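Keep in mind that what you see is a predicted model, and the values were worked out from it rather than measured. Just so it is clear: chains get the letters A, B, ... in the order the sequence lines come, proteins before strands, and each one is counted from 1. All heavy atoms count here, side chains included; hydrogens, waters and symmetry mates do not.
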There are 2 protein chains.
Amino acid sequence: MTDRLSLIFAALADPTRRAILARLAEGEATVTELAEPFDISLPAISRHLKVLESAGLISRSRSAQWRSSRLEAGPLREATAWMERYSRFWDDNFTRLDAHLKRLQEEKP
Amino acid sequence: MTDRLSLIFAALADPTRRAILARLAEGEATVTELAEPFDISLPAISRHLKVLESAGLISRSRSAQWRSSRLEAGPLREATAWMERYSRFWDDNFTRLDAHLKRLQEEKP
DNA sequence: ATCGTACTTAACCAAGCCGTTAATTAACGG
DNA sequence: CCGTTAATTAACGGCTTGGTTAAGTACGAT
């Protein structure tokens, strides 16, 4: 589970982390600001941020005692690129056509 | 972690499961067929399939003693839709413009 | 020097994940 | 009925995750 894509998907698998990303889409924020909407401890948030950071989904900077996080959407593009390999299955019409072709092919031999 | 999106992302966070999906993109397959490329036991594969199924990423049917799996890409579309909310951050130019606008706005007050 | 604020690290715990082997279920074929 | 093949379920072990509280670090302000 050490590959990049796995890290990204695993990071996105937690609703708290997705909410943090949503918040960061509105602009940078400090840890306490990010923690505010949630009913969990600061250390917990701190670790969520670490997970997001090691997935490359955020970058962090510090000024004085504040550490502010910033959304980095590159990994999201990566993940989307991976999923797009399957986009041809999204379209119901295509799926039906595909199934039809497959059926035809199986009738041959 | 019971929400749909979390299930989907968690399912995708495993390379074996992603490989299974890739295989299924080429057509339906039985459990042993799916297991073949991997160096792990059949029960392990069986459980991966259960994870994929409860995320809605595959559907399963049986004929005689064979259970064949079929790719269901709907959840992938869902996941992509979620990520697309951030697509404006993917484009570097936009990001720079966005940062610029934000700076301007912060200069005002 | 010390206090307060912002945050991280450490130590711990319960629950979940991913793998194993062994046992079980299910269906077909002689 | 019996044996074989396909797959799942059960029981277990080790590692990870997501949370906790308590202690530590880093910086600014007084």
Side-chain N,O (A/Arg47) to OP1/OP2 (D/dT16) below 4.0 Å:
no
So does A/Lys50 get a backbone contact from the side chain of A/Ser54, meaning a donor-acceptor N/O pair under 3.5 Å?
yes
Could you give the distance from CZ (B/Arg67) to CG (B/Leu49), rounded to the nearest 0.5 Å?
11.0 Å
Measure CD1/B/Ile20 against P/D/dA7 and give the value in whole Å, please.
13 Å
So which nucleotide from D/dG28, D/dG19, C/dC18 ends up closest to the side chain of B/Asp14?
C/dC18
Whole angstroms only, please: what is the CZ-P distance between B/Phe9 and D/dT17?
17 Å
Checking the side chain of B/Ser46 only, and the main-chain atoms of B/Leu42 only, is there a donor and an acceptor separated by less than 3.5 Å?
no
Closest-nucleotide 5' rank along DNA chain D - winner of A/Ser63 and A/Ile40:
A/Ile40
By nearest-heavy-atom nucleotide on DNA chain D, the more 5' of B/Ile45 and A/Ala64 is B/Ile45
Of the nucleotides C/dG19, D/dA7, D/dT20, which one has an atom closest to the side chain of B/Ala44?
C/dG19
Donor-acceptor under 3.5 Å (B/Ser68 side chain, B/Thr30 main chain)
no
May I ask you to verify if any side-chain N or O of A/Ser46 is less than 4.0 angstrom from the OP1 or OP2 atom of C/dT8?
yes
When both hydrogen-bonding distances must be under 3.5 Å and the geometry is Watson-Crick or G-U wobble, what is C/dT8 paired with, if anything?
D/dA23
Please check: side-chain N/O of B/Tyr86 versus main-chain N/O of A/Arg77, any donor-acceptor pairing under 3.5 Å?
no
May I ask you to decide if A/Ala11's main-chain N or O and A/Arg17's side chain share a donor-acceptor pair within less than 3.5 Å?
yes
Whole angstrom is fine here: how far is it from CD in A/Gln65 over to P in C/dA6?
7 Å
Could you state the atom-to-atom distance from CG of B/Leu52 to P of D/dT8 in whole Å?
12 Å
A/Thr30 side chain, from C-beta outward: closest of C/dC7, D/dA26, D/dT21:
C/dC7
Which nucleotide wins on minimum distance to the side chain of A/Leu42, given the candidates D/dT8, D/dA6, C/dC7?
C/dC7
Return the 5'-most residue of the pair B/Pro43, B/Val51 with respect to DNA chain C, ranking by each residue's nearest nucleotide.
B/Val51
Atom CG of B/Asp39 and atom C1' of C/dG19: how far apart are they, to the nearest Å?
12 Å
Are B/Thr32 and D/dA7 close enough that a side-chain N or O sits under 4.0 Å from OP1 or OP2?
yes
Could you check how far CZ of B/Phe38 sits from C1' of C/dC18, rounded to whole Å?
14 Å
Looking at B/His48, I'd like to know whether one of its side-chain N or O atoms comes within less than 4.0 Å of OP1 or OP2 on C/dG19.
yes
Side-chain N,O (B/Arg17) to OP1/OP2 (C/dC18) below 4.0 Å
yes
note: A/Arg67, atom CZ; C/dC7, atom C1'; distance rounded to Å ~ 5 Å
Respond yes when some side-chain nitrogen or oxygen of B/Lys50 is under 4.0 Å from OP1 or OP2 of D/dA7, and no when none is.
no
OP1, OP2 of C/dC28 versus side-chain N and O of B/Arg62: anything below 4.0 Å?
no
OP1 or OP2 of C/dT20 versus the side-chain N and O atoms of B/Ser41: is any pair under 4.0 Å?
yes
Nearest whole Å is fine: how far is C/dC18 C1' from B/Leu49 CG?
14 Å
